[in-house]
Amino acid sequence: MSAPVRVRFAPSPTGFLHVGGARTALFNWLHARHTGGTFVLRIEDTDRERHNEEAVRAIYDGLRWLGLDWDEGAGKGGDYGPYYQSERGPVYERYLKILQDKGMIYEDAGALRFRSPRETVTVHDEVCGSIPFDLSNPGTHPDMTVRRPDGSWIFHFVNVVDDIEMKITDVIRGEDHLSNTPKHIELYKAFGAEPPRFAHIPLILNPDGTKMSKRDKGASVQGYVEQGYAPEAVRNYLCLLGWSPKDNREILPIGEIVKIFELKNINRRSAGFDLDKCFWMNGQYLIHMPLERFADLSLPFIEKAGIAYGTRDALLPALALVKEKVKHLTDVPGWIEFFFNDDYAYDEASVTKALRSEGALERLHVLGDRLTRVEPWTAESIESAFKDLAATLGIKTAALVHPARVAATGRSVGPSLYHLLELLGRDRVLARFTRTRDKFAA
RNA sequence: GACCCUAUCGUCCAGCGGUUAGGACACCGCCCUUUCACGGCGGUAACACGGGUUCGAAUCCCGUUAGGGUCGCCA
């Protein structure tokens, strides 16, 4: 009965991928994957100048980062190309001819306009329902221009032509196009083509309810890459903007979302982007992901920070210790730096609090002495040593823990102390204690 | 201005004629704890307003208000 689903994401190459666009792409992708259909990428560069590679790359990179692979289209090929509008001039000429032959085109000040049939057109939308639009009044609904005097094409025209030519069955796009849709349907009818199913999804707004544009915080997908978000977290968060599984689940594997995603379950209300929640979700993903994945994602940030970690194998134990602490991948270097640098810096506030207090250095000395006898050198026996010594000295364990942490890492916050000491190894720990006492004895 | 869409905690989402209006983020307590987190427990907090319809409305209808969108020789 119904033809296989073909959806498309048709961004114009502005130099970056907007989260709103990414969300539109995501919903198209979900619908394609859910139905076993085809996801097409078309670049809408109708501007006079040809598309520039860098701007197109930003779109590719953003989509790939989010794991939204396309089956056909720009950078991929397929049977309905070319997939750059700037290369489709002949197709548009052909379609224009069809309308001209039917007498539906007229010239106006050098531009070409499509003569509206002036009827009521009902948009049947998968998420908005059926909406009749009365286009009878030329005053409020002027005939649309399809081509400028300089020969360049107008979006509405080429968009429809391409969707027909590329056999798009489902047009899933932002709600900002809802009011344009009746005009598009007029075009479909004029071409004698069956209009696709439409699904207009609510827009993403800023936290203050205003429209999210380029400049706004969190607007660019690239920003999430740079700030250390896991793509699966951002993708999951985006899924929840306007769609939900209806059962209060929020963190869902993408495979599960693909399985249960339905256009009909998209709501009609614009959603404000909640960076806090996205941030929280990122932390959740980081905590629960496999160590290897965490390492893959962390590596670029570690390298950028210039940490001499040696081999990946040497890195893993340190990452394992900090994985559940990290909220942003950008924080990873700061959390593990001391493992790979014996000449770590001391945080002044931490030093003041933990090392300059009465008897702190003396306790550190006693502790170091005690640690020489810990056998085996494991977190467990190290912990016992701390507790035994504290009991012997009649002090709280914390009175040993804090100086030890600052001595060994230079900071007062970090991963589990006993595990961190174990990983560092006895020799390095004792050397650090000594170094610390020498440095702050005076 | 005209037309279209929308309206539940601060935010996101659930609810689709009868619920103590539910979950999540954020926030506030308490617990866990060597720090910071994680986690656990509890709390504050919402049906925009006014009319209908109905035995009964967050749920249906109308209006008002508010927000958003579209009315381009932008995409």
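Both backbone and side-chain heavy atoms feed into the values below; hydrogens, waters and symmetry mates do not. Proteins get letters first, then strands, A, B, ... in listed order; numbering begins at 1 in each.
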Enquirer: Nearest of B:C13, B:U35, B:C38 to any side-chain atom of A:H402?
Expert: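 Of all the options, the side chain of A:H402 is nearest to B:U35.
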Enquirer: Counting side-chain heavy atoms from C-beta on, which of B:U35, B:G69, B:A24 comes nearest to A:D176?
Expert: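 Given the options B:U35, B:G69, B:A24, the side chain of A:D176 is closest to B:G69.
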Enquirer: Is A:S270 side chain donor-acceptor paired with the B:G68 base, going by distance under 3.5 Å alone?
Expert: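 Not at all, since no donor on one side and acceptor on the other fall under 3.5 Å apart.
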Enquirer: What distance, rounded to whole Å, do you find between the two C1' atoms, one in B:C9 and one in B:C25?
Expert: 12 Å
Enquirer: Return the value, rounded to whole Å, for the distance between atom CE of A:M144 and atom P of B:A75.
Expert: 13 Å
Enquirer: Check step by step if ring pair (Phe, Tyr, Trp, His ring centres under 6.0 Å) holds for A:Y237 and A:W280.
Expert: CA-CA 10 Å; A:Y237 178 72; A:W280 165 80; 9.6 Å; no
Enquirer: Mind checking A:R269 for me? I need base, sugar-phosphate or nothing, with any heavy atom below 4.0 Å counting as a touch.
Expert: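 Here A:R269 touches the backbone only, sparing every base.
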Enquirer: With a non-hydrogen cut-off below 4.0 angstrom, is A:K327 in contact with a base, only sugar-phosphate, or nothing?
Expert: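 Counting heavy atoms under 4.0 Å across all strands, the contact made by A:K327 is with sugar-phosphate only.
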Enquirer: Measure from the side-chain heavy atoms of A:K246 and tell me the nearest of B:A14, B:C3, B:U70.
Expert: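 So the side chain of A:K246 is nearest to B:A14.
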Enquirer: Determine which nucleotide pairs with B:A57, using a 3.5 Å limit on both distances of a Watson-Crick or G-U wobble pair.
Expert: none
Enquirer: Tell me the interatomic distance from A:Y84, atom OH, to B:A75, atom P, rounded to whole angstroms.
Expert: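 Atom OH in A:Y84 sits about 18 Å away from atom P in B:A75.
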Enquirer: Please classify the nucleic acid contact of A:Q284 as base, sugar-phosphate, or nothing, using heavy-atom distances under 4.0 Å.
Expert: sugar-phosphate
Enquirer: Measuring only the P atom in each nucleotide, how far is B:A58 from B:G52? A whole number of Å is fine.
Expert: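 Here B:A58 and B:G52 have their P atoms 15 Å from each other.
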Enquirer: Counting only side-chain heavy atoms from C-beta out, which of B:A75, B:C13, B:C36 sits nearest to A:K325?
Expert: B:C36
Enquirer: Taking only the P atom of each, what is the distance from B:C16 to B:U59 in whole angstrom?
Expert: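 Straight-line distance between the two P atoms is 13 Å.
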Enquirer: Counting side-chain heavy atoms from CB outward, which of B:A26, B:C13, B:G68 is closest to A:W280?
Expert: B:A26
Enquirer: Please measure how far the P atom in B:G10 lies from the corresponding atom in B:A48, and state the result in whole Å.
Expert: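 That atom pair is separated by 11 Å.
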Enquirer: As a test of reading the structure: which of B:G22, B:C4, B:A75 is closest to the side chain of A:F155, going by heavy atoms?
Expert: B:A75
Enquirer: Side chain of A:P142, heavy atoms from C-beta onward: which of B:U34, B:C12, B:G72 has the nearest atom to it?
Expert: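 The answer is B:G72.
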Enquirer: Could you tell me if A:R435 sits above the aromatic ring of A:Y344, with its cationic atom closer than 6.0 Å to the ring centre and no more than 45 degrees from the axis?
Expert: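 Yes, a cation-pi geometry.
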Enquirer: Nearest whole Å is fine: how far is B:C13 C1' from A:L240 CG?
Expert: 7 Å
Enquirer: Between A:R148 and A:D150 (salt bridge meaning N to carboxylate O under 4.0 Å), is one present in this structure?
Expert: no
Enquirer: Can A:R147 and A:E93 be counted as an ion pair, charged N to O under 4.0 angstrom?
Expert: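 Yes, A:R147 and A:E93 are salt-bridged.
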Enquirer: Under 6.0 Å between ring centres: does that hold for A:F155 and A:H177?
Expert: yes
Enquirer: Is the gap between the ring centers of A:F338 and A:F340 under 6.0 Å?
Expert: no
Enquirer: At under 4.0 Å between heavy atoms, what does A:A398 touch on the DNA or RNA strands: base, sugar-phosphate, or nothing?
Expert: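 Answer is nothing: A:A398 stays at 4.0 Å or more from every strand.
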Enquirer: Taking the nucleotide of RNA chain B with the closest heavy atom to each, which residue, A:S412 or A:F279, is nearer the 5' end?
Expert: A:F279
Enquirer: Rounding to an integer number of angstrom, what distance separates B:G50 and B:A26 when you compare their P atoms?
Expert: 34 Å
Enquirer: Measuring only the P atom in each nucleotide, how far is B:C30 from B:G18? A whole number of Å is fine.
Expert: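 So the two P atoms sit 40 Å from each other.
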Enquirer: With heavy atoms under 4.0 Å as the rule, sort A:H141 into base, sugar-phosphate or nothing.
Expert: nothing
Enquirer: Checking all strands, does A:L203 fall into the base, sugar-phosphate, or nothing category for heavy-atom contacts under 4.0 angstrom?
Expert: sugar-phosphate
Enquirer: Could you tell me how far apart A:H18 (NE2) and B:A75 (P) are, to the nearest whole angstrom?
Expert: 18 Å
Enquirer: Determine, for A:F433 and A:R437, whether the Lys NZ or Arg CZ falls below 6.0 Å from the six-membered ring centre while staying within 45 degrees of the axis.
Expert: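 No, A:R437 does not lie over the aromatic ring of A:F433.
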Enquirer: Give me the distance, rounded to whole Å, that separates B:U54 from B:U20 when you measure between the P atoms they each carry.
Expert: 25 Å
Enquirer: With RNA chain B as reference, determine whether A:G139 or A:R268 sits nearer its 5' end, using the nearest nucleotide of each.
Expert: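 Nearer the 5' end of the strand: A:R268.
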Enquirer: Grab the CG-P distance between A:L178 and B:C5 for me, whole Å please.
Expert: 8 Å
Enquirer: Please pick, from B:C4, B:C73, B:C36, the nucleotide with the shortest atom-to-atom distance to any side-chain atom of A:V413.
Expert: B:C36
Enquirer: Heavy atoms only, 4.0 Å cut-off, all strands: where does A:G174 land among base, sugar-phosphate and nothing?
Expert: nothing
Enquirer: Rounded to whole Å, please give me the gap between CG in A:D247 and P in B:C12.
Expert: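 Atom-to-atom, A:D247 to B:C12, this comes out as 20 Å.
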Enquirer: C1' atom, B:A7 versus B:G63: distance in rounded Å?
Expert: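 Looking at atom C1' only, B:A7 and B:G63 are 15 Å apart.
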Enquirer: Is any NZ, NE, NH1 or NH2 atom of the basic residue among A:R42 and A:E44 found under 4.0 Å from an Asp or Glu carboxylate oxygen of the other?
Expert: yes
Enquirer: Base, sugar-phosphate, or nothing for A:D108, non-hydrogen atoms under 4.0 angstrom?
Expert: base
Enquirer: Can you tell which of B:U70, B:G23, B:C12 lies closest to the side chain of A:N180?
Expert: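 Output: B:U70.
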Enquirer: Counting the atoms with a prime plus P, OP1 and OP2 as sugar-phosphate, which does A:A109 contact under 4.0 Å by heavy atoms, base, sugar-phosphate, or nothing?
Expert: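 Base: the residue A:A109, judged by heavy atoms under 4.0 Å, touches a nucleobase.
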Enquirer: B:U11, B:G68, B:U70: which one has an atom nearest the side-chain heavy atoms of A:D274?
Expert: B:U11
Enquirer: Under a 90° cut-off about 0 for the syn range, is B:C38 syn or anti?
Expert: syn
Enquirer: Rounded to the nearest Å, what distance is computed from the CG atom of residue A:D134 to the P atom of nucleotide B:C3?
Expert: 10 Å
Enquirer: Is a donor-acceptor contact shorter than 3.5 angstrom present between the side chain of A:S350 and the base of B:U35?
Expert: no
